[in-house]
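A, B, ... follow the sequence lines: proteins, then strands. Residue 1 opens every chain. Heavy-atom basis, side chains included; hydrogens, waters and symmetry copies ignored. Fair warning: this is a prediction, and the values are worked out from it, not measured in the lab.
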Amino acid sequence: MNILVCLKQILDPEVPVRDFAIDGSGLQADPNCANQMTNIFCENALETALQLKDAHGGKITVLSFGPDSVKDSLRKGLAMKANEAFMVLNNTGHQPDSAATAKVLAKAIGKMEPFDLVLTGREAGDWGAGQTGGLLAEELGLPYSAFVDEIEPEGEDRLILRQQTDSGWNKISAPKPVVASITNSDHNLPRIPKTRDIILANRKPLTSWSLEEVGISEDELAAEQQKARIKLLSIPEGKSDCEFIEGDSLEDKIDNLAERIVAIARSV
Amino acid sequence: MSEGKSTVLTVAVVAEQNSASAGLLGTGQRLANEVGGQHVVLVAGATDSEFANYVSQFAGRVVTNDSADLGSSPSEGWLNFVAATSKAEDPAAILLANDTLSQEITPRLAHRLDGSSIGDAHAIKPSEGHLVVTRSVYGGKAVAEIELTSNPAVVWVRAQSMDPASVQEPSGSIEAISNGESSEIRTQLKDTHAEESEGEKLEDAQIIISGGRGLGGPEPFEDLAALAKVIKAQNGASRAACDLGWVPHSWQVGQTGKKVAPQLYLAVAISGASQHIMGMADSKNVAAINTDPDAPIFKHCQFGLVEDYKNVIRPLKDKLTEIL
Ligand SMILES: Cc1cc2nc3c(=O)[nH]c(=O)nc-3n(C[C@H](O)[C@H](O)[C@H](O)COP(=O)(O)OP(=O)(O)OC[C@H]3O[C@@H](n4cnc5c(N)ncnc54)[C@H](O)[C@@H]3O)c2cc1C
Ligand SMILES: Nc1ncnc2c1ncn2[C@@H]1O[C@H](COP(=O)(O)O)[C@@H](O)[C@H]1O
């Protein structure tokens, strides 16, 4: 099976609140307030793909659209044992919205050999948009499932996608090729690459295309990315002061805690 | 809002029969009032269904589709139905709830209708012919206002934290449409499974007790469940606890889990990462039990206890049983 995994590089989403800052434009996070890293759900997606490959054979390609630094995410993907890597270089200094990104990714995919399965993360930990996967499916004219956490073949031509739902799961049968966005589960925690594989990853093929090479001009990209325009970005103020429960003994403290809880429980 | 084919601006709401519909209908009703437009609600199923009748109390019009084949592929069925209806109604905005299906079809609808999409709206307002959506970004560390410049603006909202709709006199009309030319159904729902849960859903719970990675394993969740029983609470968890397989993912509270707003949220051995806070920040009261007095969760608490959970949960349960 031929699988494509889309990797997005983002600002470390676990940067502590006290270190988080907005840049001079006022419209995006200060890129210097934390490291760049691969979005966790993209790594969950790659792990899902790797397990499929381990069980049923096939080939995995990773693709990223972004500045030169996305090479680090792609190299890590190769170290995790993806076979090939592609990037579309974004030199504009702006981060395009999901609609523009999906267009670029679709154009790049159009230049590659056909895939049976295209995976994205459910959402990126920066803007948490969660739009790119569905938009990409429409760009490619393919069926789509979101919040998938398990994939298995169903005969030659179809796949069973297990989708997490509000209350449990669905199993969906889809014809290949299909696009799925992957969510985290207890069986797709991304593997840690071995040191040897990190070194070997530097020798694996990594192709970089310009926007022009995939057939989209910077102007077209700029026009496209006006669909979701950021007007304001602000850091909310922290709110309440916590009252720490005191007491002479642990028993005393637990009694006090119980009183507080009961006061609320009685009011509901 | 923008000029469409029709002269009256339309706000369309995609209503499924679930606990999100009240807040969703309220959001649609208020937005339609603000833009002086009509509020059309799309309901899958028969024209004379109980749900269609219920919804008609809040809407200008209800549009149903009894021929939609939702059984074998609900997601594609809804997508085709809403896309076809929207082509006819030409809405400036399409609002959906925060359930799985809504989130899945939001970007696809926007693409099919040549509009724009975004999710997780806390607030929506019209501005200069477009919708401006307020939402949390960077895992809850910042708040953004985003303008959707291409109509229809397709938006899924945090329906549970929105005020419900008010009844309108007279009720709106209910009419059926046919799907017209819809694109083919390609996927098939083979099986569906709901986790067993006693009592109400997490989103609707008045008291929630959640556990995190600091619990060290699945067993302490049994003690949290026993504690919950005493005060009629539901149990939730951090993502870390779910990822470790200690509890089902349907328990996860946060940015990528459930968005809850109980009277009391008690976080046990949860650090309070911004992504977790995003799911429970609307709680009326927050309390925590954590060994670390500097854990960020305490910044969001009304009260808290700095202590090892092992020394607290069972005696707390006994005490609560005694006084309740
Ligand atoms: C894009 C993205 C989306 C995310 N979405 C979510 C989400 O929806 N929900 C979510 O929860 N997280 C989410 N996360 C993960 C989040 O960033 C944190 O990693 C996670 O919430 C941490 O879980 P935790 O608090 O249980 O674990 P930890 O951060 O490891 O905290 C454990 C806590 O337990 C305390 N502790 C340890 N031992 C004891 C003891 N014996 N008694 C009492 N206290 C003890 C510690 O002091 C610590 O505060 C997301 C992350 C990303 C990047
Ligand atoms: N610039 C990008 N390069 C590669 N993949 C991306 C990019 N942006 C988004 N994606 C994919 O789309 C998913 C959802 O992103 P988003 O819609 O931004 O929340 C990510 O997890 C990626 O798999």
Side-chain angles (χ1 to χ4, degrees), chain A residues 13-14 17 20 22 29 99 122 125-131 134-135 137-138 143-147 160 164-175 184-186 189 226-236 238 240 242-245 250 253-255 257-258 260-262 264-265 268, chain B residues 99-100 103-104 107-108 111-112 116-120 132 137-139 141-150 186-195 206-207 231 243-245 249-250 255-256 263-264 273-274 285 296 298-306 311-312 315-316 319-320 323-324:
Chain A
E14 304 212 24
V17 173
F20 180 79
I22 291 171
R122 62 173 283 166
D126 51 2
W127 284 80
Q131 302 299 308
L135 292 167
E138 292 295 313
Y144 172 70
S145 282
F147 311 115
I160 298 280
Q164 281 181 18
T165 63
D166 308 303
S167 53
W169 49 256
N170 288 333
K171 283 200 175 170
I172 297 156
S173 163
N184 58 304
S185 79
D186 55 0
L189 278 178
Q226 288 301 321
K227 286 195 170 172
R229 209 153 53 83
I230 304 155
K231 297 194 75 169
L232 198 73
L233 185 67
S234 60
I235 299 179
S240 80
C242 177
E243 177 197 325
F244 285 101
I245 305 270
L250 178 60
K253 289 184 189 171
I254 291 173
D255 287 355
L257 178 63
R260 296 290 306 257
I261 293 173
V262 163
I264 299 168
V268 304
Chain B
D99 54 288
T100 309
Q103 295 186 40
E104 180 170 85
R108 306 185 73 188
H111 195 282
R112 287 193 189 183
S116 45
S117 63
I118 198 72
D120 203 24
V132 176
V137 295
Y138 292 107
K141 287 186 267 282
V143 177
E145 282 188 13
I146 297 171
E147 183 179 15
L148 298 173
T149 56
S150 187
R186 291 172 292 189
T187 61
Q188 224 187 331
L189 180 62
K190 283 262 163 137
D191 193 6
T192 182
H193 171 83
E195 305 285 354
Q206 292 298 309
I207 306 180
I231 50 170
D243 278 1
L244 288 160
H249 265 98
S250 53
Q255 176 186 356
T256 47
Q263 291 296 323
L264 174 63
S274 60
N285 296 280
F298 286 124
K299 299 221 162 53
H300 303 269
C301 285
Q302 273 70 37
F303 57 100
L305 179 60
V306 179
N311 305 327
V312 178
L316 178 64
K319 182 72 192 173
L320 287 170
I323 53 182
L324 267 170

- Message: I'd like to know if the side chain of B/H249 pairs up with that of A/D186 as donor and acceptor (distance under 3.5 Å, no hydrogens or angles considered).
- Response: no
In this structure, is the centre-to-centre distance between the rings of A/F20 and B/Y138 below 6.0 Å?
yes
If the plane angle is over 60° it's perpendicular, under 30° parallel, otherwise tilted; pick one for A/W169 and B/H193. parallel
In terms of heavy-atom pairs under 4.5 Å with chain A, the winner among B/K319, B/Q206, B/Q103, B/R108 is B/R108
*asked:* Within the 3.5 Å criterion, strictly below it, is a donor on A/S173 or B/Q188 matched to an acceptor on the partner's side chain?
replied: no
Turns out that what part of A/A228 lies under 4.5 Å from chain B's heavy atoms comes down to both
If you tally heavy-atom pairs under 4.5 Å between each of B/S250, B/A142, B/P315 and chain A, the highest tally belongs to B/A142
### Query
Taking side chain as C-beta onward, heavy atoms only, is B/L264 less than 4.5 Å from A/I261?
yes
Ranking B/G139, B/G304, B/S274, B/A273 by heavy-atom pairs under 4.5 Å to chain A gives rank one to B/G304
query = Do any N or O atoms from the side chain of B/R186 and from the backbone of A/Y144 form a donor-acceptor pair under 3.5 angstrom?
reply = no
Honestly, the part of A/I235 sitting under 4.5 Å from a heavy atom of chain B is both
Turns out that what part of A/L189 lies under 4.5 Å from chain B's heavy atoms comes down to side chain
